[in-house]
There are 2 protein chains.
Amino acid sequence: MEAGVADMLAPGGGRTSRMITSRDVARLAGVSQPTVSRALRDDPKVSEATKQRVREAAVALGYAPNAIGRALSVGRSTRVGLVVTDLENQFYAHVIAPMHHELERLGYELVLITESSESAPVAEHVTAHGLCGVVLATTTVESLVPVRLRDRGVPLVYFNRTSQSVQADSVTVDPENGVRELLRDAIGMGHRRIGAIFGPRNTSTGEQRENAVRAVLDEHGLALAHRDVRHGSFDFRTGHEGLRALLDRSDPPTLVLCGNDVVALGALNAAAELGVAVPADVSIAGFDDLPTSSWALIRLSTVAYDLDEMSRDAARLIVARVEHPDAAPANPVYPTQYVARATIAAPRG
Amino acid sequence: MEAGVADMLAPGGGRTSRMITSRDVARLAGVSQPTVSRALRDDPKVSEATKQRVREAAVALGYAPNAIGRALSVGRSTRVGLVVTDLENQFYAHVIAPMHHELERLGYELVLITESSESAPVAEHVTAHGLCGVVLATTTVESLVPVRLRDRGVPLVYFNRTSQSVQADSVTVDPENGVRELLRDAIGMGHRRIGAIFGPRNTSTGEQRENAVRAVLDEHGLALAHRDVRHGSFDFRTGHEGLRALLDRSDPPTLVLCGNDVVALGALNAAAELGVAVPADVSIAGFDDLPTSSWALIRLSTVAYDLDEMSRDAARLIVARVEHPDAAPANPVYPTQYVARATIAAPRG
DNA sequence: GCCACGACTGTATGCGTATGCACAACCCGG
DNA sequence: CCGGGTTGTGCATACGCATACAGTCGTGGC
């Protein structure tokens with residue numbers, strides 16, 4: 001709280017001191033600036049003795065090469081953008097963390113971009129921020145963002161999305177196995193009246209999960225009643241409002257499938273507010289298996305896949321694409337499994 | 001799934017096309033490059049007519065000024081680093097989101113830095129990434145990071161931390177009021193045996209909250225028994241293991257205060273696993289009031305403050321410091337209130 | 001013993017933008 | 001009608017780094 005001690009430096013808040021450049025290192029090492037550049041990048045054309053001298057000088061001065069200068073010089077940066085909708089959404093935390101880590105390991109940086117309603121800005125971010133590539137974790141099917149990017153020749157990878165119009169690397173999950181296991185279990189328990197709170201209709205992830213559910217139900221001779229399905233965003237509120245709407249009727253579904261775990265968490269909490277017991281009165285299922293879903297207070301039955309690996313792979317793919325623009329696109333698909341916990345049980349009666 | 005349609009572009013993955021520069025715009029608008037630069041930055045020395053022409057040309061070409069070039073030219077970037085420990089920690093999601101948004105609004109970018117165990121890298125990140133300033137949301141009291149940064153003249157703001165040695169802007173919360181309200185309530189309900197799972201001993205936030213608790217307890221003639229207090233990180237695991245340890249005894253505390261909400265969530269879930277009822281068997285309190293804490297399934301009684309505003313202010317402060325290095329430091333403090341929910345009730349017996 | 005060649009290192013230059021300065025055009029008052 | 005000021009624009013250059021190219025050695029082969 002108290003300031004007290006007279007600090008020994010200038011009082012006025014530090015003027016930002018001049019940067020230490022490769023030229024400073026060059027002067028100290030007694031070589032030219034380009035030699036420093038080459039030595040520190042371990043160019044074989046520089047003698048070992050010189051490298052040693054340069055390295056010592058660099059350490060002595062606390063020199064670190066300036067990424068700005070380098071980016072300008074080589075014509076591209078080492079910064080990849082990650083486009084998301086909502087940074088507060090739990091889901092994204094678990095893609096940002098591994099992706100950030102992997103990119104750092106590869107010598108790249110992660111730049112967060114939140115997609116505002118308009119589509120133009122995203123493409124401009126790229127030039128403005130000098131991005132070398134973009135991971136799209138949010139685009140709706142008909143979005144113009146990917147075509148804009150492709151038009152500008154910006155390397156691109158889809159995260160949990162695909163597109164017919166723009167061919168590119170992608171990482172996606174195949175919901176089928178998990179959904180099949182889940183429904184086999186649930187239907188075996190006696191669930192017939194099944195509802196759903198799906199994600200956005202205009203995203204390939206949303207569509208894909210919805211299609212998987214409908215297909216598997218069909219195999220069992222079941223179908224979703226139109227009045228038992230809701231659509232919305234992949235967020236808490238969608239699940240929260242969605243479940244209230246589904247239960248606000250005389251004959252609600254006995255099992256509600258949610259577009260993802262965050263939606264399911266919204267639904268779970270809505271049930272708690274309504275005094276509706278889960279799974280005694282309704283069963284609820286999620287998709288993603290976020291860490292929160294395994295909490296003792298939650299115990300959400302859900303469809304799991306390796307989100308960490310998927311996020312790291314996305315990082316690897318965008319880097320590979322940036323460094324080898326002409327390589328064949330890679331489109332790994334991650335399998336899913338059903339994780340049975342405590343939110344699905346046999347229906348009443 | 002199928003590739004099908006022959007795409008009309010080159011098959012080999014796009015070569016990244018040449019960037020559109022201010023010179024291109026200049027050519028199209030029939031002016032010189034510097035004029036473009038001035039016009040787009042709305043320099044009053046450029047005539048309105050010229051500005052108009054330049055703007056049109058820029059739009060026509062889809063030009064966006066290149067941040068790299070600009071940064072190199074002006075000698076500093078518009079990128080501020082945020083140093084955190086763990087990107088998966090819920091808490092940080094709620095500081096990153098508002099901070100990112102505010103920085104963007106101010107024309108700056110957010111760069112995430114996870115503090116690895118070593119302290120040296122952070123300082124090097126600054127030069128390497130060309131950061132113009134840093135927000136430290138993680139530093140332990142004795143860390144060398146702030147002094148290193150200050151030595152290099154890097155603008156700095158402490159987030160939820162303070163330091164005696166390095167004077168700088170900061171945003172901090174004052175736990176006192178919230179803690180006092182909480183304890184008045186709890187002690188009024190009959191709690192006497194009170195335990196705590198505090199955060200790290202070597203952070204000012206941890207210390208400060210601990211001190212506040214001890215001081216207020218003292219006012220009531222109470223004290224923490226040494227065996228009833230645990231220390232750890234501000235994470236789920238600390239709360240989870242901490243509560244198990246505290247309850248693994250014949251005479252456990254009736255109320256456990258947690259260093260923050262994430263710790264409290266860990267404790268809450270540990271209780272659920274142990275079959276210990278909250279608040280019937282133990283009461284539990286948090287600190288931060290994260291969105292999750294107000295879920296119907298959680299209903300955590302906690303100490304609240306305006307984390308959004310605090311995060312935005314941190315963004316504003318670092319920008320102000322970067323732009324006016326000699327201004328007097330600002331050290332806003334955010335007040336706290338107790339939010340009574342469902343995890344604190346009168347103890348048994 | 002001379003030339004060709006390899007191994008290093010220095011020189012010159014470019015990346016995209018911003019800015020100090022020079023310069024041109026114009027306006028207005030005297 | 002001319003000079004000084006004002007306004008608008010171009011020119012030259014700098015930022016830090018990387019790289020093509022030129023140069024300088026020294027060495028080995030014949």
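Both backbone and side-chain heavy atoms feed into the values below; hydrogens, waters and symmetry mates do not. Naming: A, B, ... by sequence-line order, numbering from 1 per chain.
- Summarising the geometry, the separation between CG on A:L40 and P on D:dG16 is reported as 16 Å, rounded to the nearest angstrom.
- In this structure, A:V95 and A:P98 approach most closely via the heavy-atom pair O-CD, 3.5 Å.
- Tested against A:R23, the residues A:V25, A:T21, A:I20 include a single side-chain contact (heavy atoms from CB on, under 4.5 Å) partner, A:T21.
- Once you apply a 4.0 Å limit to the heavy atoms of chain B, the touched nucleotides of DNA chain C run 5' to 3' over C:dG16 to C:dG20.
- In summary, of the residues considered (A:N160, A:N331, A:T162), a side chain to side chain donor-acceptor pair (under 3.5 Å) with A:S170 occurs for A:N331 alone.
- OP1 or OP2 of D:dC17 lies within a sub-4.0 Å distance of a side-chain N or O belonging to A:S22.
- Taking the charged nitrogens against the carboxylate oxygens, B:R76 and B:E323 have no contact shorter than 4.0 Å, which rules out a salt bridge.
- Taking both residues in full, the closest heavy atoms of A:D169 and A:P329 are given as OD2-CA, 3.6 Å, listed atom of the first, atom of the second, then distance.
- Using a 4.0 Å cut-off between charged nitrogen and carboxylate oxygen, A:R53 and A:E56 do not count as a salt-bridge pair.
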Expected string for nucleotides 7-12 of chain D under the B/S/- scheme (protein heavy atoms, under 4.0 Å, primed atoms plus P, OP1, OP2 as sugar-phosphate) is -BBBBB
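- Between A:S37 and D:dA18 there is a side-chain polar atom (N or O) within less than 4.0 angstrom of OP1 or OP2.
- The shortest distance between the side-chain N/O atoms of A:R70 and the OP1/OP2 oxygens of D:dG16 is not below 4.0 Å.
- Base engagement by B:L72 is indicated by at least one non-hydrogen atom pair under 4.0 Å involving a base atom.
- Look at CG on B:N66: it is 19 Å from P on D:dC15, rounded to the nearest Å.
- A side-chain contact (heavy atoms from CB on, under 4.5 Å) with B:Y158 is found for one member of B:T138, B:V166, B:V171 and no other, namely B:V166.
- In this structure, B:P155 and B:R321 approach most closely via the heavy-atom pair CB-CG, 3.6 Å.
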